[in-house]
There are 6 protein chains.
Amino acid sequence: MIDMTSAIDRPLDELRGYRPKLDVPSDLAEFWSGTLAQARSYALDATFTPVESALRLVDVFDVRFAGYAGQPIAGWLVLPRQRSGPLPCIVQYVGYGGGRGLPHQALTWAAFGYAHFVMDTRGQGSQWSTGVTPDVPPAGATPHVPGFLTLGLPDRDNYYYRRVYTDAVRAIEAAASHPAVDTDRIVSCGGSQGGGLALAAGALADGVAAVLADVPFLCHFRRSAELAVDGPYPELVQWCHTHRQLADRAFEALAYFDGAVLAQQARPPALFSVAMRDPICPPSSVFAAYNHYAGDADISVWEWNEHEGGGEDQILDQIQWLATHHLAAPQ
Amino acid sequence: MIDMTSAIDRPLDELRGYRPKLDVPSDLAEFWSGTLAQARSYALDATFTPVESALRLVDVFDVRFAGYAGQPIAGWLVLPRQRSGPLPCIVQYVGYGGGRGLPHQALTWAAFGYAHFVMDTRGQGSQWSTGVTPDVPPAGATPHVPGFLTLGLPDRDNYYYRRVYTDAVRAIEAAASHPAVDTDRIVSCGGSQGGGLALAAGALADGVAAVLADVPFLCHFRRSAELAVDGPYPELVQWCHTHRQLADRAFEALAYFDGAVLAQQARPPALFSVAMRDPICPPSSVFAAYNHYAGDADISVWEWNEHEGGGEDQILDQIQWLATHHLAAPQ
Amino acid sequence: MIDMTSAIDRPLDELRGYRPKLDVPSDLAEFWSGTLAQARSYALDATFTPVESALRLVDVFDVRFAGYAGQPIAGWLVLPRQRSGPLPCIVQYVGYGGGRGLPHQALTWAAFGYAHFVMDTRGQGSQWSTGVTPDVPPAGATPHVPGFLTLGLPDRDNYYYRRVYTDAVRAIEAAASHPAVDTDRIVSCGGSQGGGLALAAGALADGVAAVLADVPFLCHFRRSAELAVDGPYPELVQWCHTHRQLADRAFEALAYFDGAVLAQQARPPALFSVAMRDPICPPSSVFAAYNHYAGDADISVWEWNEHEGGGEDQILDQIQWLATHHLAAPQ
Amino acid sequence: MIDMTSAIDRPLDELRGYRPKLDVPSDLAEFWSGTLAQARSYALDATFTPVESALRLVDVFDVRFAGYAGQPIAGWLVLPRQRSGPLPCIVQYVGYGGGRGLPHQALTWAAFGYAHFVMDTRGQGSQWSTGVTPDVPPAGATPHVPGFLTLGLPDRDNYYYRRVYTDAVRAIEAAASHPAVDTDRIVSCGGSQGGGLALAAGALADGVAAVLADVPFLCHFRRSAELAVDGPYPELVQWCHTHRQLADRAFEALAYFDGAVLAQQARPPALFSVAMRDPICPPSSVFAAYNHYAGDADISVWEWNEHEGGGEDQILDQIQWLATHHLAAPQ
Amino acid sequence: MIDMTSAIDRPLDELRGYRPKLDVPSDLAEFWSGTLAQARSYALDATFTPVESALRLVDVFDVRFAGYAGQPIAGWLVLPRQRSGPLPCIVQYVGYGGGRGLPHQALTWAAFGYAHFVMDTRGQGSQWSTGVTPDVPPAGATPHVPGFLTLGLPDRDNYYYRRVYTDAVRAIEAAASHPAVDTDRIVSCGGSQGGGLALAAGALADGVAAVLADVPFLCHFRRSAELAVDGPYPELVQWCHTHRQLADRAFEALAYFDGAVLAQQARPPALFSVAMRDPICPPSSVFAAYNHYAGDADISVWEWNEHEGGGEDQILDQIQWLATHHLAAPQ
Amino acid sequence: MIDMTSAIDRPLDELRGYRPKLDVPSDLAEFWSGTLAQARSYALDATFTPVESALRLVDVFDVRFAGYAGQPIAGWLVLPRQRSGPLPCIVQYVGYGGGRGLPHQALTWAAFGYAHFVMDTRGQGSQWSTGVTPDVPPAGATPHVPGFLTLGLPDRDNYYYRRVYTDAVRAIEAAASHPAVDTDRIVSCGGSQGGGLALAAGALADGVAAVLADVPFLCHFRRSAELAVDGPYPELVQWCHTHRQLADRAFEALAYFDGAVLAQQARPPALFSVAMRDPICPPSSVFAAYNHYAGDADISVWEWNEHEGGGEDQILDQIQWLATHHLAAPQ
């Protein structure tokens, strides 16, 4: 079996300057301001219920808040048990197919001294970590390829990620509503789908102090669909393969959700990471978002990795990068 | 790569007598009578709109009727252009992931002189043939493995196939409402998921004159999940793999939808088919349904085939079997 | 597993102008005129025997005609039962490994009102649809890679496709000999191997009114062998891999059968189709034939498909294209 | 990817006594005596032409002899250059897809002091080692799955291996005709297809002093087709899968060529070998032949090997076994 | 591709009583007492050097201690920063191919209030988590299949796991030497290779209060080699496949290291886990160890999982099981 | 599954001139002169013990000589039994994972009249042919990916191939010490890893008259790691993938062992071979070594082959090339 090799995508030297022309919908701003206004017409209603557990070093809260269309979205808030004063908070979005999981799967950021907010992803959470949040498609779940990437296509308004991106913005607001969180130091964070959502939150939410986007998914859809050989992008290929006559319309709708497009209006400083042999989120699609990013941005390049990217090393890069951006946890 | 071999499941001689003990929910009858009564509380509202096409030998109608919760379900009705008097009608259900497709994909039964009704499957129709019918999950789409088999588990009432089985029953009623259809000679028919639905319609609907169930899916879930190495059953395994604590509850819910359980109350004569090397619908799961079938039943056994089963040869078996059951098309 | 991606072959923009230099044998015309003259030294002897079947909308005839060296070649002729006057006729060639199959596998064109002639392929017809025509290699079946693509290499005169291309030309003549066929409106048609044969018939036969060549095989052999990762071209690679010293001679022989070479002398209008992710017939090989085609030609490009190409959508393109070329079926 | 494991076939303890009931055609003896008589109606015409080469230790001869229907079959005869008096001779048959190759691929037996006769296999010799002998199917090459195992099915008389088995018998006679060969000490030998042919020669030819059959192919066709997951048996499955209605007739024809059937009438002492994880020639099929073998027989069992069986170790077993059967090479 | 299914190994009902006869070397006790005595002839020399890190909730120490032949073995000790009095300690062994990794990869047990000691595995730690400990094979690294399972075979005394098992015993002693550890409450723990080592430590070390062995590797080598289709056991198959003549001797040597054999002399209470679809450590091999275990033992059975077993759910089982065995962490 | 195609690496026309800039360590010469001087501080101590065997045409000797650090390295010397005067000698190095095997696996070169010396590879010899030589890593076997390519990285001095290259040089000296060998006509030879070692011996040893390097491994490590999809280079990728922070240091160390670097100082005439579809040793890495080769060099290009390259045809190229370089065997 052939694995992804560096020969499939462009060489690193080229990618460092890769800044493809993107189709930006003329009403992009209106679309998102309208979408978010609608969501905010519902009370946020963030609740934090303490969870009984055998954990000794952290306090865990079961979260609910009103996401898209006011629907209840779940999450965890994990706080160091020993704490004094508000903490910088990592709002983390989960990778494709997973849910918020169990509390003891979310110990890392708290161990480094941060408040850690994990958003459950609607409808997901049955493939590798458990979730509990249902998705409520307003016009019903139209025919889609198994998975979530094509759910609602080619209709922009009914598209699944319209709901999830809105949830992601509201999650920032929910995190900010907790007294243990320092509202000036909220960081959106995630890998793969989580990285795409972290980017989206950085572009669409207010009050994001920084963005940590690892091997982000949901960027430069057309090129990603052309190159990716694993993960969810092939679902999009399969949809286009079946709905041959609707493929172009699908890409028009996807432009509203393209991380590389949204990057052009994102302002918080950001740390990206990219893996040169990533068969799921091709490096060129990550560089497209990175090179279009409007705020200050850095990138960790992992030459020999696939979709795991920098893994446990990336966390150290992030801890250090956060410190240089005045986002370190208190001693 | 290893293919399915005869060594994986039991040998044919054993399977001919394989009649496993099944868990039958005590309120099975109530569950289904209640479910159907609720659906029938909505008007059927079957409409048949002629479709313009370049086809010369058949007339095609775009169908809509009220399925589960009165939601509109699409379909095609294909009739021989030259016809006189009502025709026996094949109500066909589609395989997993497909939709009703385009009209010229449904020519076979009409060419043999039958009225042919194809039911679109809610939410499906993006993997290999196109569909148009959305699915509207009443409690939202709870976390599920990509695909439809685990959608709503472990909640019996919110389970996806509760809606689809109900649609399937209503499709029989919709077909019966068209003047070109001989209401005494309606046959439920399909392969794989379509075979499972044909069985379900045979057990739950009124007025089914015969059942043609090829390599049926949705039978004997536990054994199928244990053995299948391709197709949708592995989605169920993955769900149980993630939701370890809910697996038993899921199988309890699935018992309400098990084709082998429902077979015990099916009355119309039936022609099954089974393929001995089927990696998707293991032969033992088909024999479980066949050997439990309450009505008269025959089975075509294809020793050297995988999930394609008897393919174009099976159609000839069906044409002949229908003729011996007074269900031949008029000359 | 890696699938075919757009990154393997050249991008679409480049392919639209891709017109590679080809090796054209100096005696190409003589080779084919001699070959066909030899075949025509045998009486065509086309017979059409009515087939008993349960089909109600079409009449089916079992065909035999004299192909290469006068050997009997089988086929089906399927006619709309209701017909008045001669019909335009689709002469279809089958894909690699298949045979003419059963009559009810050939209903589409008749349903659209055409006479439909299916040619069985000598020696093939055991992999996915059944065939009945033996192949009689004049010098015996020399060592070849399992399959038909290398049978007879590197000897041009004993090469398998010399016989099949000749059969394909004679099939046009056989179709023309039936009274229900309008001899001015015979269309060669097929996908994959069938597309290659449709092209060959368009170049070599008299009386072809149009060519429908979907994802054609047998074009630009060297590039195809370099790129294809599935289907029959790898048989050629394996042959060259074993017969290392004969590889160049094999490509010299193949030039006589190259669809891109023959395209340069084809005159009927043609509709091609190509799939950008086709791992069996690489898009550049199809564009090589299309861009070298001497007659008027159009092409349907399917960006997200593999070897299935346009599938059921392509048929609608063809129906429409035929209509604009005065080849519509009568109402 | 799953490899063959010991769990697929039966455990070794059971296999040692595995002696399945076989279908023996009532006219088996007549079939083969008639077939061979017909072949012998042609003069054997064995020729041995010295080959120029850079080899220093052996003399190589290009062989031709009259096989089935008198058709010329090629081979090599390799003799130690230093020799005095006739030598015991190994007549070797080649594995599926290969041909006699180049002379320096056949050095082992000569290095051990034997005359070594390699028979080319008609039509084969393009997959991994080269061959030169064409196959001439008497009734033409009827539709078959790529490969040779289904060529001519279901017609016993036109079946490919009828010709090859006859060639194998004639090869023994050809070897015996060379003055350097000790006619009392001719050994049929081979692995996989070669092992099946060595068995057939041991059963059908006169003057075979011993049989060396490694992991033999062509034994117990039905069980082999049920179990094998690699190699040629799946070709038979594919044929039956397509020609569903002819499968039983095919197995009737194959009974005439079944190594386990022929073993019942073989008289020379034999050394078998079998590999317990062989995905190509399942161990039970080898034990079926071994346990039915009529002459004295031994078997080398390789518990941890796949189709390579005993490889270079098996040769040492053979050298030793031959010595204990008075078939050692002279010092 | 076929995945592991329940059909490959025996059904659960049978496995619950599966207690195969094992070959127990007569000098097993002497072998291990001698081996450990030799190791203990070197001073343990356990050192704990504080590690600088950004972690806020735990203290991390870089460990070194003298393992086999007094060679230095690395590890981490992770302690809750807030602690009072000695803690129960989890001594964890790592899975095949991994090393101790980075400190923030070992937060779970500390978060539950335990001292957590991670032993680095000699020579490993380059496949998925990093290690730093070299392996020093006393007689040189004899020819082996890439990997560690066959290193030193068939020589019992030079076998790789003799060194690692000894390291594992010494790790218990090293953990016990730290003042923060409650020496009466040391638990050996691990999954896969780590589970095998936890078992070995439970059988061979003094002062192990309990054993947590998840999907343990290194049990019932012969059956595991026969069944496993993924992970390290196939390395053993490949070694036997190449060194055909040495295979039996290898299994004799392995008997000294067989977790099912050692289980017969293990006394601490143990919690096992097993996954019914585990292609790496077949369920029967785990049940062999469990059913032979001499101390009190429980087992968590995960019916729908592969080698991940109970994953994050298993940890909760363990936390609860430890509590019922007086091994809970202090509040 | 995708196979290697010509599309992955550069086209042949480009490769013929491909001469990439390489990083040459400034102390390369000192490193190797020091390394070899150290080895030569031990007596060579070459012994040749006759082996009893049933072979009739050759004499076989079991070889031992002192390699790196004076450690004993095994080998075979195979001589034509009939010989007069010293012979040109082929010193062959074995491919990755193999050992010297059994004597009758090494007959080819002797059959062509050469003395044939096969060097066993330390630690290897369990994957496909057996070896007997242990490897003794001076600083212990540091964590490495299973296999030998990463053993000792990133430490140049402790790197596995430092030892093997030294053995390879000493093997030339050992061969020269045997009286049957013509010391002026010693040829280093091998395929894959053996090709890399043949190159290294050509660059580092004295008295190599010619080099035969087939599809050589160990050339242009960075590009090879980027492109190779099979064989050992992916081990290097996996090491870098895990030891992310050490990857650059590893490539610095590898520069001392890069066949393309060493080629720049090699003087004997050389015959390379390369396969255009080689997924293990990418063609560009072979051309890098070939185009940098300082001595006279030729190359056999096999356009349609994978890692088997020219196989049995390449041997004929070599026999002929040796003859034109005054290295023919005596008649």
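Order of the sequence lines sets the chain letters (A, B, ...), proteins ahead of strands, with each chain counted from 1.
In terms of heavy atoms, B:G125 sits closest to A:P143 at O-CB, 4.0 Å. For B:H241 against A:Q127, the heavy-atom pair with the smallest separation is CE1-O, 4.0 Å.
When heavy atoms are compared at a cutoff of 4.5 Å, A:Q238 approaches chain B by way of both its backbone and its side chain. Contacts of A:W239 with chain B are made by both backbone and side-chain atoms, with heavy-atom separations under 4.5 Å. Looking at B:T133, only its backbone comes within 4.5 Å of chain A, counting heavy atoms on both sides.
Partner of B:T130 under the side chain to side chain contact (heavy atoms under 4.5 Å, CB included) criterion, out of A:R244, A:Q245, A:H243: A:H243 alone. Exactly one of A:T150, A:V145, A:L246 qualifies for a side chain to side chain contact (heavy atoms under 4.5 Å, CB included) with B:S126. That residue is A:V145.
Chain B forms more heavy-atom pairs under 4.5 Å with one residue of A:G140, A:G98, A:A141, A:P137 than with any other, namely A:A141. Ranked by heavy-atom pairs under 4.5 Å with chain B, the list A:D135, A:V136, A:L153 is led by A:D135. The candidate from B:C240, B:G99, B:S129, B:P134 with the greatest count of non-hydrogen atom pairs under 4.5 Å with chain A is B:P134.
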